[in-house]
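See below for the structure under consideration.
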Amino acid sequence: MKELLEIIAKQLVDNPDDVVVTESTGEKGQILELRVAQADMGKVIGKQGKIAKSIRTVIRAAAIHAEKYVTVVIVQQ
């Protein structure tokens, strides 16, 4: 899941070298934290959060296919 999130995020931003995905385990499953450059936050979130919602949907669909539970969190740097 981590690699998939990195690939998606790097395609959306102007500074793909600043994309960092960290992986941790929470109570309900895996947590992926996405960090991008401050200038690219709007591109990852999108108008009214539509792009962020789409990213989460794709990651959840892939997680369900792998029989896992994954949460995506977008964090400011």
Side-chain angles (χ1 to χ4, degrees):
M1 298 308 126
K2 179 180 176 181
E3 296 82 17
L4 177 60
L5 182 57
E6 281 183 22
I7 291 169
I8 292 170
K10 286 182 179 183
Q11 296 300 312
L12 293 172
V13 299
D14 289 333
N15 303 311
D17 295 334
D18 293 338
V19 173
V20 177
V21 178
T22 56
E23 190 174 13
S24 62
T25 304
E27 291 179 13
K28 294 185 179 182
Q30 186 178 24
I31 299 170
L32 297 177
E33 290 185 357
L34 173 63
R35 297 177 193 275
V36 296
Q38 187 66 32
D40 291 327
M41 279 303 269
K43 293 177 181 169
V44 173
I45 295 173
K47 288 186 179 182
Q48 298 178 355
K50 288 184 180 181
I51 294 175
K53 184 177 179 182
S54 297
I55 291 170
R56 289 181 178 115
T57 301
V58 169
I59 297 299
R60 281 191 190 131
I64 288 170
H65 184 70
E67 297 180 3
K68 296 181 181 179
Y69 184 81
V70 178
T71 302
V72 176
V73 179
I74 300 172
V75 181
Q76 284 188 337
Q77 284 187 348

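All residue numbers in this chain count up from 1 along the given sequence.
The distance from atom OG1 of Thr22 to atom CD1 of Ile31, rounded to the nearest 0.5 Å, is 9.5 Å.
The only member of Ile45, Val44, Leu32 that meets side chain to side chain contact (heavy atoms under 4.5 Å, CB included) when paired with Ile55 is Val44. In summary, of the residues considered (Leu5, Asp40, Leu34, Leu12), a side chain to side chain contact (heavy atoms under 4.5 Å, CB included) with Val19 occurs for Leu34 alone.
Scored by the salt bridge (Lys or Arg N to Asp or Glu O under 4.0 Å) test, Glu33 finds Arg35 as partners (sequence neighbours excluded). With sequence neighbours excluded, no residue satisfies salt bridge (Lys or Arg N to Asp or Glu O under 4.0 Å) with Lys53.
A pairwise comparison of heavy atoms in Met41 and Val36 identifies SD-CG2, 3.5 Å as the closest pair. Minimum heavy-atom separation, Ala37 to Asp18: CB-OD2, 3.6 Å. Ile74 approaches Ala52 most closely through the heavy-atom pair CD1-CB, 3.7 Å.
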Inset, instruction - Could you check Val21 against Met1 for side-chain contact (heavy atoms from CB on, under 4.5 Å), going step by step and ending with a plain yes or no? - result: CA-CA 10 Å; Val21 178; Met1 298 308 126; over 6 Å; no
Run the side-chain donor-acceptor check on residues 60-67: report pairs under 3.5 Å with partners two or more places apart or on a different chain.
none

